[in-house]
Amino acid sequence: MKLRAVKGTNDRLPADQPRWHHVIDAAARVLGRAGVQEITTPVFEFAEVFERSVGEAADLVVQKEMYTFDDRGGRRLTLRPEFTAGVLRAFVEHGMHTWPSPVKLWSHGPAFRAENVQRGRYRQFHQVNLEIVGTAAPVADAEAIALFADVLRALGLRGVRVALGSVGDPDDRAAYNAYLRGALEPHAEELSETSRERLRLNPMRVLDAKDPGDRALVAPLKRPLDFLNPASRAHFDAVAACLDAWGVPYDVDPGIVRGLDYYRRTAFEIHAEGIGAQSALGGGGRYDGLVAQLGGPDVPGIGWAFGIERVLDALAQAEVALPAAERPLLFLVPMDDEAVAEAAGIARGLRAHARVEHAYVRRAPGKGLRDADRSGARFAGLLGARERADGVVLLKDLASGSERRLPLGQLPDWILAETSLAPATTDTESTASDAV
RNA sequence: GUGGAUGUAGCUCAGCAGGUUAGAGCACCGGAUUGUGGUUCCGGGGGUCGCGGGUUCAAAUCCCGUCAUCCACCCCA
């Protein structure tokens, strides 16, 4: 059998790395300046961590999509299908409720779901995640949403839509679910099988139905936002007021619902167009009560996550320019056997200041210059018998073709001068013209 | 789990009313060029035509099955 990557998993090749780092770096910068600290939790946890977080209504649909297995010690483990449960487990385990409140944590890394693959949906995918734990203040909700928008803007992504809604408090949800049952059960025969099942397990999710008949039945009905108690309503209004005041654009979506039980009040999603059926870049919401559900103190929290693959897809679709790979400043070419180790040694000595590469075998100047050219280097440094006799390197500017013989001892200063003139990370076109 | 499309070189694809030795472009290696790159020219390596079976004198080509990939349904934390 030919070896291949497992279905739904992907290699991230060298050419993919700059744009990937572009996303992580933007998140680190934007979130870091807001005082959000990075946390890294394990890729797998005891299955119970996720099972406890998920709730009853969702366990049927959700657990079958989790990668759960027994290890050799008989422990039942699950590859994380999301970040929140693991981060909150760490919050509890390390007593973070005693830290200055609120505790703001972000993470990034892979997550796993045993779903069928399509565009924007993979079995191993990657997320950037934010949690703000320890405050129920609506300003925290607004800040979380604003930070989400800020990260996307820092990436250069425009034209995404923030949809803001509220699923209310538990009693609001209970009231709304009862209302939906009352309204829809008389028409149960007309509903799709899926929606009938949802009506039984988690009625609000009938709002997510795609079946035209279901949608027609649901269209005239009230939305979760219409069922908020005064406190929930005030919370929602306060969040919206903050976003208005800060100039963060959003659309109110009264019909946003959640598949998981732990969400309270604020729920939001961000969608992008042109990236296929899986248009949600990410979403989040408030989860007061979840920390307690995981065995910790009863502290409130709010969080979000976005899918890195989907954001990159959206960036590509929007034709946003992304950083190119770093190119070498200098490529050293040994032109006789004696120069091979010499070139490698010189390169080592210069790497404190710049990216310097070299050929690993003796190269004729023609081949060596071709190697240098293909490496993307701005300069080639030829080393042969004549150079050795004079203690110099023959430096060639690959863009202009001009050459000079530079004493080896002056290479470090030359490197410093060059690196101060042009940053090491620029795209190909601009560097080619700058390099003259 | 369901449906559609697609599987030919590392990549993008042509070839497919069955017919000799399976092609192109790009990429890679070498030469023209034993001290000067990019351009150009010449040459080369690289293929179980996804896999299995069937039809046929003959299958990359037709038929059946199977696997994989993509897109969509489903599901969505």
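None of the values given here were measured: they were computed from a predicted structure.
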From [atom1] of [X] over to [atom2] of [N], roughly how many Å is that when rounded to an integer?
| X | N | atom1 | atom2 | answer |
| --- | --- | --- | --- | --- |
| I256(A) | C76(B) | CD1 | P | 16 Å |
| R370(A) | U39(B) | CZ | C1' | 14 Å |
| L394(A) | G35(B) | CG | C1' | 9 Å |
| K367(A) | U34(B) | NZ | P | 8 Å |
| R4(A) | G10(B) | CZ | P | 14 Å |
| F331(A) | U36(B) | CZ | P | 18 Å |
| N116(A) | U69(B) | CG | P | 10 Å |
| R362(A) | G35(B) | CZ | C1' | 13 Å |

From [options], pick the nucleotide closest to the side chain of [X]?
| X | options | result |
| --- | --- | --- |
| Q278(A) | C73(B), G30(B), G37(B) | C73(B) |
| Q118(A) | G35(B), C74(B), G37(B) | C74(B) |
| D373(A) | G38(B), C71(B), C74(B) | G38(B) |
| R113(A) | C75(B), C76(B), U69(B) | C76(B) |
| R374(A) | A72(B), G37(B), C28(B) | C28(B) |

Partner nucleotide, any strand, of [N] [Watson-Crick/G-U, under 3.5 Å]:
| N | value |
| --- | --- |
| A32(B) | U40(B) |
| G46(B) | none |
| C62(B) | G54(B) |
| G10(B) | C26(B) |
| C74(B) | none |
| C16(B) | none |
| U69(B) | A5(B) |

Which pairs with one or both residues in residues 163-177 of chain A pass salt bridge (Lys or Arg N to Asp or Glu O under 4.0 Å), sequence neighbours excluded? D169(A)-R265(A)

Side chain of R286(A), backbone of R264(A): donor and acceptor closer than 3.5 Å? no

Once rounded to the nearest 0.5 Å, what's the spacing between atom CG of L243(A) and atom CZ of F268(A)? 9.5 Å

